[in-house]
Amino acid sequence: KLYKHSMKNFLIASVPTGAWTFYADNDEFLVLPEGVNDIKQVLEYLEQNGYDTVQFHLLDMFSDQALHTLPDETAWSSSDLERFYRFFDISTLKSIRVNDGAYSKHRGGVRMKHFGVTPLLTKSTFFKKTGETNLRSSHTFLTTFKSRSRKVADFSLFVKHYKFNSRYAPGLERAIQENSYYDNSRECRAIFDTLKEEPSYTLDTETTEAYQNCEQLRACDFITFSETFQAYLQSVR
């Protein structure tokens, strides 16, 4: 609660200058473009074009079962998670165009639809370490007089965010008691109140979609690839 941002920057300080860093929570799994099996292929493109930051979005994944009835997935593999938590819903996404309309920052999604909260779903914490790199939060950089503007890549990626797992509903009350999440756990309070009224609550509705592949998210503008990046992908596939 008190030192989380200091701890993040302490970890980043241990990374050599010039190295690429991907900062994410332990329930976030990066998805590479179709046909790309090695992150080095993405880094090669970034280096060739002088980019030092990649914007990525959180895709909240969930099951079609009630939140209070989810099985313990402690011993599951990432493949098990993908099979069980295979649904998403971006029907209530709020998107803001940045950089002259080239790319979007997203808010809301399934958490807005069900609980009336608008979490920021876009992160900039896939970046090249520089001497003045400091994070302000898990999403953005701290701007100081020593900072320089970062060159954001001409494509965006996403992570599968397994927030709504078996430990989520039981952990809400503790998060509220400790005020350990953003804005004194305001989002947790809204969700806790909903689940308390309806213990069998499910996120599965008529706007739920089953995840198929990365191209599915590009087709609905959740992520964006420039023509230059698409041409590069074709050359390495």
Side-chain angles (χ1 to χ4, degrees), residues 1-33 36-47 49-61 78 81-82 85 88 96 98-99 103-109 111 118-144 146-165 167-168 171 175 178 180-183 185 187-188 214 217 222-225 229:
K1 177 182 177 180
L2 297 178
Y3 303 109
K4 58 185 178 182
H5 298 322
S6 298
M7 186 62 186
K8 293 167 189 174
N9 285 307
F10 169 77
L11 293 172
I12 291 169
S14 69
V15 177
T17 298
W20 281 90
T21 303
F22 177 67
Y23 173 79
D25 295 337
N26 63 1
D27 57 3
E28 298 171 8
F29 292 73
L30 182 65
V31 179
L32 297 177
V36 174
N37 300 313
D38 192 335
I39 190 66
K40 291 179 181 179
Q41 295 172 305
V42 175
L43 298 182
E44 180 182 351
Y45 177 84
L46 294 168
E47 290 284 0
N49 292 276
Y51 297 120
D52 59 21
T53 305
V54 180
Q55 181 175 282
F56 65 94
H57 311 294
L58 305 179
L59 184 67
D60 288 329
M61 307 300 297
S78 58
L81 286 172
E82 289 182 346
Y85 298 109
F88 69 93
I96 301 174
V98 294
N99 296 334
Y103 303 105
S104 296
K105 288 188 176 181
H106 302 315
R107 284 187 176 273
R111 284 179 269 175
T118 55
L120 179 61
L121 302 177
T122 300
K123 290 188 175 185
S124 299
T125 53
F126 179 0
F127 60 96
K128 190 174 184 178
K129 168 71 180 295
T130 61
E132 66 280 346
T133 300
N134 283 288
L135 294 181
R136 183 172 63 87
S137 69
S138 61
H139 292 259
T140 57
F141 292 99
L142 176 67
T143 302
T144 69
K146 291 184 178 180
S147 300
R148 60 175 177 77
S149 58
R150 303 194 67 83
K151 188 175 181 182
V152 180
D154 59 350
F155 64 91
S156 55
L157 299 176
F158 73 97
V159 296
K160 289 184 176 180
H161 187 206
Y162 295 105
K163 184 180 185 71
F164 297 104
N165 56 49
R167 294 178 297 280
Y168 181 68
E178 297 178 350
S180 53
Y181 282 76
Y182 175 73
D183 196 12
S185 298
E187 177 182 318
C188 297
C214 181
L217 276 300
F222 188 71
I223 59 173
T224 311
F225 294 172
F229 185 58

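The analysis underlying the following values was restricted to heavy atoms, covering all of them including side chains, and did not include hydrogens, waters or symmetry mates.
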query = Looking at side-chain heavy atoms only, is the closest gap between L59 and H161 below 4.5 Å?
reply =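 L59 does not reach H161 side chain to side chain.
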For a quick test of reading the model, state the closest non-hydrogen atom pair linking [X] to [Y] and the distance between them.
| X | Y | answer |
| --- | --- | --- |
| N165 | Y85 | CA-OH, 3.4 Å |
| L121 | G108 | CD1-O, 3.7 Å |
| R150 | T130 | NH1-OG1, 3.6 Å |
| F222 | L58 | CZ-O, 3.5 Å |
| C214 | P33 | SG-CA, 4.0 Å |
| V54 | A153 | CG2-CB, 4.3 Å |

Main chain of [Y], side chain of [X]: is a donor-acceptor contact present, judged purely on distance under 3.5 Å?
| X | Y | answer |
| --- | --- | --- |
| T224 | S156 | no |
| K129 | I12 | yes |
| K151 | N49 | yes |
| T125 | Y23 | yes |
| Q55 | S104 | yes |

key: side chain to side chain contact (heavy atoms under 4.5 Å, CB included) evaluation trace for I39 with L30   = CA-CA 10 Å; I39 190 66; L30 182 65; 4.1 Å; yes
Atom pair [atom1] ([X]) and [atom2] ([Y]), whose distance is rounded to the nearest 0.5 Å:
| X | Y | atom1 | atom2 | result |
| --- | --- | --- | --- | --- |
| L157 | F225 | CG | CZ | 6.0 Å |
| T21 | F127 | OG1 | CZ | 4.5 Å |
| M61 | D27 | CE | CG | 12.5 Å |
| D52 | F126 | CG | CZ | 11.5 Å |

request  = Please say whether more than 12 non-hydrogen atoms of neighbouring residues, nucleotides or ligands are located less than 6.0 Å from NZ in K105.
outcome  =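 No - once you tally the heavy atoms of other residues, nucleotides and ligands closer than 6.0 Å, there are 12 at most.
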ask   = Is the Y45 to F229 ring centre distance short of 6.0 Å?
value =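 Yes, they do, as the ring centres are separated by less than 6.0 Å.
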task = Please determine if K123 forms a cation-pi arrangement with F56, meaning its NZ or CZ atom is less than 6.0 Å from the six-membered ring centre and no more than 45° off the ring axis.
result =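 Output no; distance or angle outside limits.
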request  = Any chance you could lay out the side chain to side chain contact (heavy atoms under 4.5 Å, CB included) test for L46 and W20, step after step, and finish with the verdict?
outcome  = CA-CA 10 Å; L46 294 168; W20 281 90; 3.6 Å; yes
task = Let me see the working for R111 and F164 under side chain to side chain contact (heavy atoms under 4.5 Å, CB included), right down to the final yes or no.
result = CA-CA 10 Å; R111 284 179 269 175; F164 297 104; 3.6 Å; yes
request  = Look at the rings of H106 and H57 and say which category their plane angle falls in: under 30° parallel, 30 to 60° tilted, over 60° perpendicular.
outcome  =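 Ring orientation of H106 relative to H57: tilted.
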